[in-house]
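First up is the structure itself, then whatever we jot down about it.
Keep in mind it's a predicted model, so treat the numbers as computed, not measured.
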Amino acid sequence: PRRGGAGKKAAALALVALICMVGAVLVLEPDLLAGLLSPSAPNVPDTTPPTIAGVYPSNGSTSTGLSGVSVSYYDDRGVNLSTVRMSIDGSWVALTTLTATLAGCAAPTSYGTHTAYVYLQDTSGNPAEASWTFTTSSLLQSAVDAMLEQLNAERRAVGLSEVRLVGPIASSYRTGDMAANGYFNHYDLSGYLPTYYYTLLGGQYAMEENIGYIYTPSLVPGKIPNYSASLVSDMVHDDAASAWGHRDSLLDPTNNLVDISASWTGSRLFVALHMIKSWVDWAKPPTLEGGTFSCSGNLTMSGSTLDSVYIYRSVPSEHDDMTYSPILEILRGEGSYSMGDLIAGVIPYPYYYEGIEEIRPSEWSIDGASFSIAFKFDATEGPAIYTVMAYATNTLGVAHPYDPERCADIVPVMEYSILVE
């Protein structure tokens, strides 16, 4: 991944992450997003039950460190939320999430195979239910631990601070989606950015995705931790084919957290390391409400101040074309990803940007490390994934060991990606 930024007079460079190809326990986590149907004609009796669109973790999958168990659903006339119930291993559980399209509960704390169940009705009383099983695996935890140990060993070797494991946020979803749908790419089969899922699943900072893949006709489960650690090592020491993008991300001193996961089948192993720049103590996390984007907080990098806010646009249909690789036996697409085209910058009057549109904020307060911003978000460029990125001055005082210009002056501290259809 390569990431760059500019000041108030120049365009910012978007994050670019490069894929590691090496050449192989199963986490299948399908799309959590529910579709919407057109409203039924008025005065027509409703006899159609709600549709269960997807479950997480997926049926038969193996996971570890789950953030929760969830189910997505939809109904053309609406779901009666008071009827939604979930159980784990035969016991009713409290819902931690309940919206018009999604319900969720806390993940089980024990390893082993679990059975989940959901029941709900639409507003006409038509019922729907689903049950599925999934396994929480200590083997997968061993793989995550092995990757974290290898990553921090590589960072210590060049004099950098270790990163702390968080999550899972979006890494588990990303590896599970690739394993379930037979592709290896930063963009998914719909052409969506990984940062879209990072935002959707609760990410609040700036994130860089690094993914790796191994194919072997017969994957030995007991070797998965070693395979996973070797992928991390290769990302640092054998990354020329990816222009050393993985190395530069994994060894970036401005990354201080990491979200790690792995998914596998009988012949394929997928790993993801989401390197995160956590440099904000949020008073109000980034939010889009009523067409207005807003956030406020305090920068935790000593002496840093908010520098700039930019908006990027990525069109999914331009990134959903994948072809089958007979060598890797997987669908492959582009070898890197970016936030898309830089289309606008947020700046108060009388300041201007060169070559891009200015968005005048309704609130723009910067007082040392403290900041608060708000502006009207308009998707004037048309349907796409839009990403709001905030940059702050880099006062860490530690240069990248291989790319001293990387984030040398300013560092991204927030990415917020949304899909506008």
Side-chain angles (χ1 to χ4, degrees), residues 1-6 12-20 147-167 169-171 174 186 193-195 198 203-212 229 231-261 271-280 299-304 307-308 310 312 335-339 387 389-415:
R2 293 190 181 275
R3 199 187 273 279
L13 297 177
L15 170 151
V16 176
L18 298 167
I19 295 177
C20 169
M147 285 187 279
L148 178 64
E149 181 179 350
Q150 183 68 39
L151 171 61
N152 279 329
E154 301 291 355
R155 291 178 67 90
R156 290 193 302 269
V158 291
L160 297 179
S161 298
E162 295 185 356
V163 293
R164 180 169 59 87
L165 182 68
V166 295
I169 304 172
S171 65
R174 290 284 296 128
H186 287 294
L193 291 165
T195 55
Y198 175 71
Q204 299 177 343
Y205 305 104
M207 182 274 287
E208 302 166 347
E209 176 174 274
N210 300 269
I211 56 177
L231 281 171
V232 176
S233 177
D234 288 341
M235 288 180 184
V236 174
H237 300 288
D238 190 18
D239 199 40
S242 295
W244 300 100
H246 295 98
R247 178 198 65 185
D248 290 347
S249 176
L250 299 182
L251 301 184
D252 187 336
T254 65
N255 290 324
N256 51 9
L257 300 180
V258 64
D259 172 18
I260 303 176
S261 191
V271 303
L273 294 90
H274 286 182
M275 303 298 293
I276 298 171
K277 303 177 190 298
S278 173
W279 296 108
V280 183
L299 296 167
T300 58
M301 189 181 294
S302 179
S304 180
D307 179 85
S308 48
Y310 294 100
Y312 299 84
S336 62
Y337 79 97
S338 77
M339 296 299 98
T387 300
M389 293 189 67
Y391 295 85
T393 55
N394 183 356
T395 59
L396 191 62
V398 180
H400 193 288
Y402 295 99
D403 185 3
E405 298 302 314
R406 179 184 171 91
C407 300
D409 298 318
I410 60 174
V411 57
V413 294
M414 183 270 291
E415 294 169 344

Validation row: [X], [Y] side chains within 4.5 angstrom (heavy atoms):
X: M235; Y: L273; result: yes
X: E415; Y: M207; result: yes
X: Q204; Y: M414; result: no
X: V166; Y: I276; result: yes
X: C407; Y: P412; result: yes
X: M275; Y: L151; result: yes
X: Y205; Y: V413; result: no
X: L160; Y: V398; result: yes

| Does a salt bridge link D252 with K277, judged by any charged N lying under 4.0 Å from a carboxylate O? |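 Salt bridge flag = yes for K277 with D252.
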
| said: Between D248 and R406, does any NZ, NE, NH1 or NH2 come within less than 4.0 Å of an OD or OE carboxylate oxygen? | reply: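 Salt bridge absent between R406 and D248.
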
| said: What verdict does the side-chain contact (heavy atoms from CB on, under 4.5 Å) test give for N256 and W279, after you've listed the backbone C-alpha separation in whole Å, the side-chain angles of each residue and the deciding distance to 0.1 Å? | reply: CA-CA 9 Å; N256 51 9; W279 296 108; 3.4 Å; yes

| request: For the pair V258 and H274, evaluate side-chain contact (heavy atoms from CB on, under 4.5 Å) and give the outcome as yes or no after the intermediate values. | output: CA-CA 5 Å; V258 64; H274 286 182; 5.8 Å; no

Would you name the heavy atoms of [X] and [Y] that are closest together and state the gap between them?
X: Y312; Y: M339; value: CB-O, 3.5 Å
X: D259; Y: A170; value: OD2-N, 3.0 Å
X: P253; Y: L396; value: O-CD2, 3.4 Å
X: T395; Y: S304; value: OG1-N, 3.7 Å
X: T254; Y: N394; value: CG2-ND2, 3.8 Å

Would you give the length of the straight line joining atom [atom1] of [X] to atom [atom2] of [Y], rounded to the nearest 0.5 angstrom?
X: E209; Y: H186; atom1: CD; atom2: NE2; value: 5.5 Å
X: L193; Y: S338; atom1: CG; atom2: OG; value: 7.5 Å
X: L299; Y: T393; atom1: CG; atom2: OG1; value: 7.5 Å
X: I211; Y: L231; atom1: CD1; atom2: CG; value: 11.0 Å
X: S261; Y: I169; atom1: OG; atom2: CD1; value: 12.0 Å
X: H237; Y: W244; atom1: NE2; atom2: CH2; value: 9.0 Å

| Residue that, paired with V236, satisfies side chain to side chain contact (heavy atoms under 4.5 Å, CB included) out of Q150, R247, H246 |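 Of Q150, R247, H246, side chain to side chain contact (heavy atoms under 4.5 Å, CB included) with V236 is met by R247 alone.
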
| said: Check the orientation of Y310 and Y391. Use parallel for under 30°, tilted for 30 to 60°, and perpendicular for over 60°. | reply: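 Rings of Y310 and Y391: perpendicular, over 60°.
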
| message | For residues 153-166, which residue pairs pass the salt bridge (Lys or Arg N to Asp or Glu O under 4.0 Å) check, not counting sequence neighbours? | response |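 Only R156-E162 qualify under salt bridge (Lys or Arg N to Asp or Glu O under 4.0 Å).
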
| Do S249 and N210 have side-chain N/O donor and acceptor atoms under 3.5 Å apart? |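 A donor-acceptor contact under 3.5 Å links the two side chains.
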
